[in-house]
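Remember, it's a predicted structure, so these values are computed and weren't measured experimentally.
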Protein chains: 2
Amino acid sequence: MAKSKNTEQKIFDAATELFLEKGVDRTSVREIANKAGINLALMNYYFRSKENLFDAIFTMLVKKNTRKLIKILDSDLGLEEKIRKYVEAYIDMLTENPLLVSFVMAIVHRSQERITQMKAISSLYSTPKFAQQVFDESKKGHIKPTSPTQLFVDMLSLITFPFAIKLLIMDKTSYDEAHFQAFMEERKQRIPDLLLLSIKKHEE
Amino acid sequence: MAKSKNTEQKIFDAATELFLEKGVDRTSVREIANKAGINLALMNYYFRSKENLFDAIFTMLVKKNTRKLIKILDSDLGLEEKIRKYVEAYIDMLTENPLLVSFVMAIVHRSQERITQMKAISSLYSTPKFAQQVFDESKKGHIKPTSPTQLFVDMLSLITFPFAIKLLIMDKTSYDEAHFQAFMEERKQRIPDLLLLSIKKHEE
DNA sequence: TCAGGATTTAAACTTTGTTTAAAACATCTA
DNA sequence: TAGATGTTTTAAACAAAGTTTAAATCCTGA
C-alpha cells in the first residue's frame with residue numbers, strides 16, 4: 001500500500017482533467033494512462049472500468065460543488081429567502097462549472113437506469129425539509145396550496161435547462177458569452193419572482 | 001438507382017427502430033446491417049458514418065413530431081391560448097415519444113458544437129412570430145414588459161426538463177409510470193398558469 | 001453488346017475498453 | 001536473514017466497435 005494511493009490518485013486526477021476538458025467520450029483510457037504516466041491496465045486495476053472511474057469523478061465533483069446548495073435547502077430560512085438564495089447559488093455554481101451540466105446530461109442520456117443509484121445526484125434532489133416547509137406554509141394558509149414536488153421541479157427546470165441549451169440560445173439571439181452570462185444573471189431575479197408569484201395568495 | 005433507394009431505406013428503417021428501442025450507443029452497426037439484411041459496409045456507403053445516420057434519423061423524427069408545435073407558435077392565436085395549446089401539445093409529444101427526450105439530451109451532450117447547425121432543432125426553437133407577439137403586447141401595455149427570450153426559455157425549461165429527470169422524479173416520489181403521467185398532465189395547467197401570471201398586469 | 005458507373009461484398013484496418021499472466025515489489029514471519 | 005505471501009505493475013493479447021479498401025457484381029445507356 002505504499003505507492004498505491006498515489007497511483008490511484010494520479011489516475012483520478014488525470015482523468016478528471018481530461019474529462020472536464022474534452023468530455024468523457026472523447027477521452028480514451030490510453031490518454032488517461034499517458035497523462036497520468038502509468039500503465040494502461042492500472043486504470044482497470046484501481047477502478048473496475050472507465051464507466052466506474054467516471055462515476056467516481058462525477059460523485060466527487062457533485063459533492064464538492066453542491067454542499068452549499070444542500071445547506072441552503074436544509075436551512076431555517078423562510079421560503080422566499082431560501083428560494084432566492086438557492087437559485088442564485090445554483091446559477092453561480094453552474095456558471096463556474098459549465099461542464100457539470102454536460103456531465104449531468106451525459107448521465108441522463110447514457111445511464112438513465114443508474115441515475116437513481118448515484119448517491120451524489122440523488123442526495124442533491126433530496127428535499128425533505130424544503131418539502132415540509134412548503135407543505136406547512138400551505139397548511140397554515142400563508143401560501144396557495146402547492147405541491148412541493150411540482151414547485152421544486154419548476155425551480156430546477158428553470159435553473160438548469162437554460163445551461164443545457166446554452167449554445168442554442170446564444171445562436172438564436174446572437175449572444176456572446178458575456179450576453180449569456182447577463183441573461184443568466186437576470187434569471188437570478190426572474191426565477192424566484194416567477195415561483196413566488198405562483199405561490200403567493202390573494203392575487204385574483 | 002434500382003434497388004438503391006430500397007437499400008438506403010432499409011438501413012434507415014432498421015436503424016430507426018433499433019435506435020429508438022435500445023438507444024444509439026447500444027446499437028452496433030453490425031446489428032443494423034443484420035436487421036436490414038444488408039452488408040456491413042453499405043451503412044458507410046449510403047450514410048457516411050453512424051453519426052451521420054443518427055443525424056438523418058433524428059432530423060426526420062424531429063420534423064415529423066414538431067410540425068404541430070411550430071404551427072401553433074406561428075398561428076394567430078392570442079398569447080394566452082397560444083401558450084396553453086403549445087404547452088399541451090409539447091407535453092403530449094414528449095409523452096408519446098419519450099425517446100426524443102434522450103435523443104435531444106444526446107445531442108446536447110455529444111454535439112454541442114453541431115447543435116446549432118442541425119436545422120431540425122434550430123427551426124424548432126425559432127420563434128419570430130411568438131417573440132413579436134410578446135413584444136407587441138408589452139408595448140401595447142396588455143402585459144408586463146417581458147423579454148420574449150426569457151419567456152420562451154422559461155416555457156421550454158418547464159416543459160422539457162422534467163422529462164429529462166423523469167427517473168429521478170419517479171425515484172424520489174415513488175411514482176410509477178401512471179403517476180408520472182399524471183404529474184405531467186397536471187403541468188399542462190400549471191405551466192401556462194405560471195407563465196401567464198408572470199406576465200399579467202395589475203397584480204399587487 | 002459491352003463500357004462504365006453504381007452497388008454490393010468479404011476482408012482487413014484502427015481504435016476502443018478490457019483481460020490475462022507473468023514480473024516486480026513490498027511486507028511479514030519463521 | 002531468507003523465503004513466502006500478497007500487492008502492484010507490466011507487456012501483450014483480446015473482443016467489439018466503426019470504418020475503409022479493393023475486388024466482384026449488377027445495371028443502364030449508347
To the nearest angstrom, how far is [X] atom [atom1] from [N] atom [atom2]?
X: B/Y46; N: C/dT8; atom1: OH; atom2: C1'; result: 8 Å
X: B/Q9; N: C/dT7; atom1: CD; atom2: C1'; result: 17 Å
X: A/I38; N: C/dC25; atom1: CD1; atom2: P; result: 17 Å
X: A/L53; N: C/dG17; atom1: CG; atom2: C1'; result: 12 Å
X: A/E31; N: C/dT14; atom1: CD; atom2: P; result: 19 Å
X: B/L42; N: C/dA6; atom1: CG; atom2: P; result: 15 Å
X: A/I11; N: C/dT18; atom1: CD1; atom2: C1'; result: 14 Å
X: B/N6; N: C/dT8; atom1: CG; atom2: P; result: 9 Å

Selection residues 67-78 of chain A - residue pairs positive for side chain to side chain donor-acceptor pair (under 3.5 Å), sequence neighbours left out: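 Every pair satisfying side chain to side chain donor-acceptor pair (under 3.5 Å) with a residue in residues 67-78 of chain A: A/D76-A/K129.
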Reckon [X] has a side-chain N or O less than 4.0 Å from the OP1 or OP2 of [N]?
X: B/S28; N: D/dA16; result: no
X: A/N39; N: D/dA11; result: yes
X: A/T7; N: D/dT9; result: yes

Plane angle bin for B/Y90 and B/Y86 - parallel if under 30°, tilted between 30 and 60°, otherwise perpendicular: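 B/Y86 and B/Y90: perpendicular rings.
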Atom pairs, protein N/O to nucleotides 19-25 of chain D N/O, distance under 3.5 Å:
from	atom 1	to	atom 2	distance (Å)
D/dT19	OP2	B/K50	N	2.9

By side-chain hydrogen bond (donor to acceptor under 3.5 Å, both in side chains) - contacts of B/N39 (at least two apart):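 Counting only residues at least two positions away or on another chain, B/N39 forms no side-chain hydrogen bond (donor to acceptor under 3.5 Å, both in side chains).
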Residues which pass side-chain hydrogen bond (donor to acceptor under 3.5 Å, both in side chains) with B/K82, listed by chain and number, not counting sequence neighbours: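 Applying side-chain hydrogen bond (donor to acceptor under 3.5 Å, both in side chains) to B/K82 gives B/Q133.
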B/D154-B/Q150 side chain donor-acceptor pair, cut-off 3.5 Å: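 No - no donor-acceptor pair under 3.5 Å links their side chains.
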For A/K188, salt bridge (Lys or Arg N to Asp or Glu O under 4.0 Å) partners two or more places apart: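 A/K188 satisfies salt bridge (Lys or Arg N to Asp or Glu O under 4.0 Å) with A/D92, A/E185 once adjacent residues are dropped.
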For A/R84, salt bridge (Lys or Arg N to Asp or Glu O under 4.0 Å) partners two or more places apart: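 Partners of A/R84 by the salt bridge (Lys or Arg N to Asp or Glu O under 4.0 Å) criterion, ordered by chain and then number, come out as A/E80, A/D193.
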